[in-house]
Each structure stands twice: as C-alpha cells, then as structure tokens.
Amino acid sequence: MGKAARVDKIAKLGGKPMWHSHATVSPVVEAWTTYRTGHAGRWTAEELTTAKGRGTVSVVIPARNEEATIGAIVSTIRRDLVERVPLVDEIVVVDSRSSDATALIARQAGARVVGQDRMTRGLPRMEGKGDALWAGLAASTGDVVAFVDGDLHEFSSHFVTGLLGPLLTDQSVEYVKGFYHRPLAGPAAVETDGGGRVTELAARPLINLFFPELAGFVQPLAGEYAGRRRTLESIPFVSGYGVEIGMLIDLVDLVGLDALAQVDLGERKHRHQGTEALGRMAAQIMVTAWSRMHRRGLATEAMPPSTLLTQFRRGGQEALPNLERQIAVTDAGVTERPPLASLKRAVAA
Ligand SMILES: O=c1ccn([C@@H]2O[C@H](COP(=O)(O)OP(=O)(O)O[C@H]3O[C@H](CO)[C@@H](O)[C@H](O)[C@H]3O)[C@@H](O)[C@H]2O)c(=O)[nH]1
Ligand SMILES: O=C(O)[C@H](O)COP(=O)(O)O
C-alpha cells in the first residue's frame with residue numbers, strides 16, 4: 001500500500017471517535033492519488049514555455065470587488081510568466097459586477113478586463129462566480145485555460161505554473177485541480193489548518209457519500225484549476241458557488257478519473273467570508289450535488305430539494321419579538337450555462 005493511500009479514519013466505538021492511521025481508501029482512489037498527484041516545484045516556467053510549443057495559454061481571474069488583491073495577482077503573473085518568459089499569452093480578468101475599482105486596477109496591472117454581463121449579453125441573466133467563469137472562458141482564447149481566484153493574498157506565480165505542469169507535459173491529462181494547506185486567519189490569531197470550512201463540513205462529506213471516486217481530491221472546492229479548452233467547452237457551468245463541485249462531477253463523467261490530476265501548490269491565503277455567507281455557499285453546493293445525484297439515478301425527480309434557505313440573524317430592527325432574531329430567506333437554487341461548444345455550434349449553423 002502506497003503512503004499516499006494511508007488515511008486517517010475515525011471509527012465510532014461506543015460513541016467515542018478512535019483514530020486509525022492504516023485504513024485504506026478504495027483501490028481506485030489509491031491508484032489515482034499515487035499516479036495523478038504532483039507538486040508545483042516540479043516544473044519551472046522555462047521548461048513549461050518549451051513544452052508549450054505552439055499552444056497558447058490563458059489565465060482567467062473572476063473578480064467581484066477584489067480591488068485589494070487583484071493588482072498584485074495580475075502584475076505577478078505578468079512579470080513572471082508574460083515578460084520574463086512567454087508562458088502565459090493572455091490574462092483575462094472577469095469583472096463580476098464589481099462596485100469598487102477592481103476593473104481599473106486590473107487593467108492598470110496589465111490584464112484584459114471583460115465584464116461578465118457584457119460577455120453574456122443576449123443570454124439569460126445568471127448570478128455569481130460560475131457565470132463569471134463561463135464568461136471568462138468565452139472571452140479567452142488559449143488552448144489551455146487556468147483559473148485563479150482574485151482574492152488571494154501573498155500570491156506567487158507557482159500557482160499558475162503548478163496548474164499548467166501536468167497539462168503541458170502530459171497529453172493524457174485534461175484537467176488539473178490545485179490543492180494546498182489552508183490557514184484560517186481570525187481577528188486575533190491564525191488557525192493553521194482551520195480554513196476550507198465549507199469544504200470540510202459540506203463538500204467533502206457529500207463527495208465521499210455520493211461521488212466516492214472523487215474522494216482523493218484534497219481540495220475539491222479549490223478556485224485554482226486548469227484545463228484544456230476542448231474539455232472545458234464541453235461541460236456546463238453551474239452558476240454561483242455550485243460551479244466547482246458541478247465541474248468536478250461533470251468532468252469525471254465526461255473524461256474519466258484518469259484524465260484528471262491534482263497539484264500541491266503549498267499554502268493558500270484568501271479573504272474569508274462569514275459563517276452566514278458560507279451557509280448560503282454550502283446550500284448552493286448541496287443543490288448542485290443533488291442535480292448530479294439525480295442525473296446518476298441516486299435521487300428522484302419526485303423529491304427535488306427545496307432551494308429556500310432560512311437563516312437567523314441576531315437582533316436588528318426587523319427582529320421577530322418571539323425569536324429576537326430576524327429571518328433571512330435566500331434562494332440557493334442554481335442555474336447552468338450550457339457547454340460553450342454547443343453554443344458555438346448553434347451560432348455557426
Ligand atoms: O459573484 C461572484 C462571487 C465571487 N466571484 C469571485 O470568485 C472568487 C472566489 O470567490 P470567493 O467568494 O472568494 O469564494 P471563497 O469563499 O474563497 O470560496 C471557495 O469555495 C467556492 C465554492 O466552491 C469556490 O468558488 C471558491 O473558488 C473557493 O475559494 C473571487 O475572486 C471572487 O471575487 C465572482 O467573480 N463573482
Ligand atoms: O472552500 C471553502 O471551504 C470556503 O471557501 C471556506 O473557506 P475558509 O474557511 O478558508 O474561509
């Protein structure tokens with residue numbers, strides 16, 4: 001049994017959790033994690049520029065009100081991977097209905113900035129990150145497209161080279177997902193591995209229960225990933241925060257686990273959202289997972305989930321006297337952009 005396949009597992013014994021360090025994951029996941037996991041340090045930008053040959057590479061960054069971080073991310077990629085070596089051919093920032101200076105700062109740092117709504121004009125309006133990513137795929141031209149979140153702190157260009165490594169050096173890889181350690185920075189202290197709360201509390205249990213072939217992905221919700229255009233254009237993009245889990249399931253169904261890889265990018269620091277917002281994110285992820293469970297015959301059409309999420313907030317003018325809390329109801333329902341390739345075919349016909 002490979003080291004990568006050794007996992008810690010909690011077994012419930014008499015109500016008390018007990019840790020085992022020699023439990024195995026499924027043979028499929030064991031083989032995949034051993035064979036398809038890499039480390040960003042394995043590839044230099046120079047080697048990858050040679051490997052790229054005549055192909056082209058786009059970096060797409062979705063950004064909604066990211067004026068604090070977007071400039072440093074774009075200028076780092078530009079300096080290291082456009083000017084120092086010609087690895088990245090274009091940097092596209094998708095301005096996702098920002099109300100701050102995100103677009104201006106990104107442009108000044110050297111990105112091409114496209115508006116989410118401008119790219120999807122004439123199509124039904126959709127919300128959130130997934131729609132921004134689809135707009136970015138439509139706006140970009142590279143044969144390989146790398147996506148990077150716009151809220152990362154202490155960004156380094158190895159995030160991009162790590163994602164590109166497997167794709168530019170191994171033709172059998174169609175898609176690469178990043179993974180990392182995730183500190184949780186609170187107001188007073190940093191919890192070393194406290195980040196990724198939605199991942200640990202919602203996405204990982206869902207994946208293990210219903211899509212166990214994907215259990216070897218260390219960070220299934222990572223916003224840093226790259227793929228071949230032909231593949232990315234062949235899958236739908238779920239709106240909002242359903243996009244990552246939807247993409248992973250759709251990809252494994254389309255190209256198979258063996259064409260997917262993951263790369264260790266070290267550590268990732270980002271802007272944290274509050275618990276209430278993460279609850280809405282988790283609900284979108286669950287609704288998306290349900291749609292894929294339904295497609296696989298694991299859930300019936302007769303029992304679709306209610307997409308309304310009721311949350312409670314302390315005090316406020318609208319507080320109900322019996323609860324001393326106000327109630328906020330949001331719709332966690334998601335929609336989908338169709339595979340970009342199908343739209344291009346329809347336009348060409
Ligand atoms: O309407 C939106 C919302 C977000 N973003 C951008 O998307 C990126 C990630 O969004 P963020 O709100 O920072 O998400 P996280 O709280 O970091 O959530 C994690 O989990 C999400 C659900 O899988 C993933 O989409 C994220 O990439 C991942 O970092 C950032 O650049 C945002 O500016 C948009 O472009 N449009
Ligand atoms: O990916 C996640 O689980 C969410 O983005 C939450 O991340 P955080 O706990 O690091 O803020």
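Counting starts at 1 for both ligands and their atoms, in listed order.
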- Message: Any atom of ligand 2 sitting under 4.0 Å from a heavy atom of His270?
- Response: yes
- Could you say whether the N/O atoms of Gln273 and ligand 2 ever approach to under 3.5 Å? no
- Matching residue for Arg268 among Glu154, Glu224, Gln219 - test: side chain to side chain donor-acceptor pair (under 3.5 Å): Glu224
- Message: Within ligand 2, which atoms have a heavy atom of Gly195 less than 4.0 Å away?
- Response: 9 (O), 10 (O)
- Item | side chain to side chain donor-acceptor pair (under 3.5 Å) partner of Ser96, the single match among Glu66, Gln116, Arg64 | Gln116
- Query: So which heavy atom in the protein is nearest atom 32 (C) of ligand 1, and how far is it from that ligand atom?
  - Reply: Glu66 OE2, 3.2 Å
- Note on the structure: For Thr199, the ligand 2 atoms with a heavy-atom partner under 4.0 Å come out as 1 (O), 2 (C), 3 (O)
- Query: Under 3.5 Å, N or O to N or O, is Gly196 touching ligand 2 that way?
  - Reply: yes
- Message: Looking only at protein heavy atoms, which one is nearest to atom 19 (C) of ligand 1, and what is the separation?
- Response: Met281 CE, 4.1 Å
- Item | Leu163 with Val94, same ILVMFWY side-chain cluster at under 4.5 Å | no
- Query: Under 4.0 Å from any heavy atom of Gly223, which atoms of ligand 1 are there?
  - Reply: 27 (O)
- For atom 12 (O) of ligand 1, grab the closest protein heavy atom and report residue, atom and distance to one decimal in Å. Tyr241 OH, 2.6 Å
- Task: Determine, using heavy atoms of Asp149 and all atoms of ligand 1, whether some pair is separated by less than 4.0 Å.
- Result: yes
- Message: Closer than 4.0 Å to some heavy atom of His270 - which atoms of ligand 1 meet that?
- Response: 17 (O)
- Message: Suppose we measure from atom 34 (C) of ligand 1 to each protein heavy atom; which comes out shortest, and what is that distance?
- Response: Ser96 OG, 3.5 Å
- Just jot down the ligand 2 atoms closer than 4.0 angstrom to any heavy atom of Arg197, in number order. 3 (O), 6 (C), 7 (O), 8 (P), 9 (O), 11 (O)
